[in-house]
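Only one structure is covered here, and it is reproduced in the block below.
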2 protein chains.
Amino acid sequence: MTTSANQDNYPYQNQPTWSKSEKAIARTAFDAALGRELHELIQETKRMASQIRQFSDLWDLEHHLTRRRKEIDRKYDYRYSRLTHVLGRLLYEKRLSEQELGGLREDKLKSIRSFAKFLVEDVA
Amino acid sequence: MTTSANQDNYPYQNQPTWSKSEKAIARTAFDAALGRELHELIQETKRMASQIRQFSDLWDLEHHLTRRRKEIDRKYDYRYSRLTHVLGRLLYEKRLSEQELGGLREDKLKSIRSFAKFLVEDVA
């Protein structure tokens with residue numbers, strides 16, 4: 001284990017510090033994206049339920065809800081050590097706009113954009 | 001381990017044999033009750049989904065479907081060794097009428113009614 005003055009400012013490697021105002025911006029953007037995704041799932045659930053014709057459609061709906069709940073739980077992880085990746089993914093999925101991140105420091109925006117770009121290329 | 005001529009007819013204790021026609025009657029009654037219960041659940045699911053207002057209602061619906069699926073899986077156990085209890089429970093829950101069991105031998109009807117009666121008294 002090594003120690004240095006630098007590690008006092010950055011207790012975990014590659015983990016930027018978030019100012020109070022940045023935390024507020026991130027929280028608002030995060031909550032807005034989560035709210036939109038859940039709202040979408042509500043609409044989807046109402047549509048799937050209204051189209052249930054056979055018994056197997058019931059269990060398809062149940063499994064869909066379970067899968068989406070787990071995905072959403074995994075995706076919306078509000079830990080500062082994860083936040084640039086989380087916001088990067090939401091940007092990539094177009095669940096968040098760059099405007100909503102306005103006010104974050106440039107180093108964070110760069111990390112967020114860079115992870116979004118990585119995901120684009122990963123899929124391509 | 002003991003053997004006897006009697007055990008050849010009744011390989012498991014207290015397990016009546018089911019004739020071909022009795023099996024057909026039991027299967028029809030069983031499938032009809034299951035179909036009605038699933039149909040009920042479809043209606044209930046459509047109603048619950050149409051009334052979703054908040055995010056927590058989504059997970060309430062998911063948990064309700066999971067719970068009901070497990071209950072139904074447990075309840076509709078079509079093994080001849082279980083069938084008098086299964087049909088007795090369906091009779092007790094009024095998911096099955098005595099008419100639908102017409103044609104079963106009196107020893108089975110007696111076991112089925114007796115288990116239904118036990119459940120009534122168990123709850124009282």
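Per chain, numbering begins at 1; letters A, B, ... match sequence-line order. Treat the numbers as computed from the prediction; the structure is a model and nothing was measured.
Heavy atoms closer than 4.5 Å to chain A are found in the backbone of B/S50, but not in its side chain. In this structure, chain A has no heavy atom under 4.5 Å from any part of B/E37.
Interatomic distance, CG of B/L65 versus CG of A/D60, reported as 11.0 Å (0.5 Å rounding). Note that NZ of B/K46 is 8.5 Å distant from CD of A/Q51, once rounded to the nearest 0.5 Å. Taken from NE2 in A/H64 to CD in B/E62, the straight-line distance is 11.0 Å, to the nearest 0.5 Å. How far CD of B/Q54 is from CG of A/L38: 12.0 Å, rounded to the nearest 0.5 Å. Taking CD1 of B/I52 as the start and NE2 of A/H39 as the end, the distance is 11.5 Å to the nearest 0.5 Å. From A/L41, atom CG reaches atom CZ of B/F55 across 9.5 Å, with rounding to the nearest 0.5 Å.
Under a hydrophobic clustering in which Ile, Leu, Val, Met, Phe, Trp and Tyr are joined whenever their side-chain heavy atoms come within less than 4.5 Å, directly or via other members, A/L58 and B/W59 fall into the same cluster. Under the 4.5 Å side-chain heavy-atom criterion for ILVMFWY residues, a single connected hydrophobic cluster contains both B/L101 and B/L83. Both B/L87 and B/I72 are members of a single hydrophobic cluster when ILVMFWY side chains are connected at heavy-atom separations under 4.5 Å. B/L109 and B/F118 are not part of a single hydrophobic cluster, where members link through side-chain heavy atoms under 4.5 Å apart. If you chain together hydrophobic residues whose side chains sit under 4.5 Å apart, B/L91 and B/L119 never meet in one group.
Among B/D57, B/T45, B/T66, the residue making the largest number of heavy-atom pairs under 4.5 Å with chain A is B/T66.
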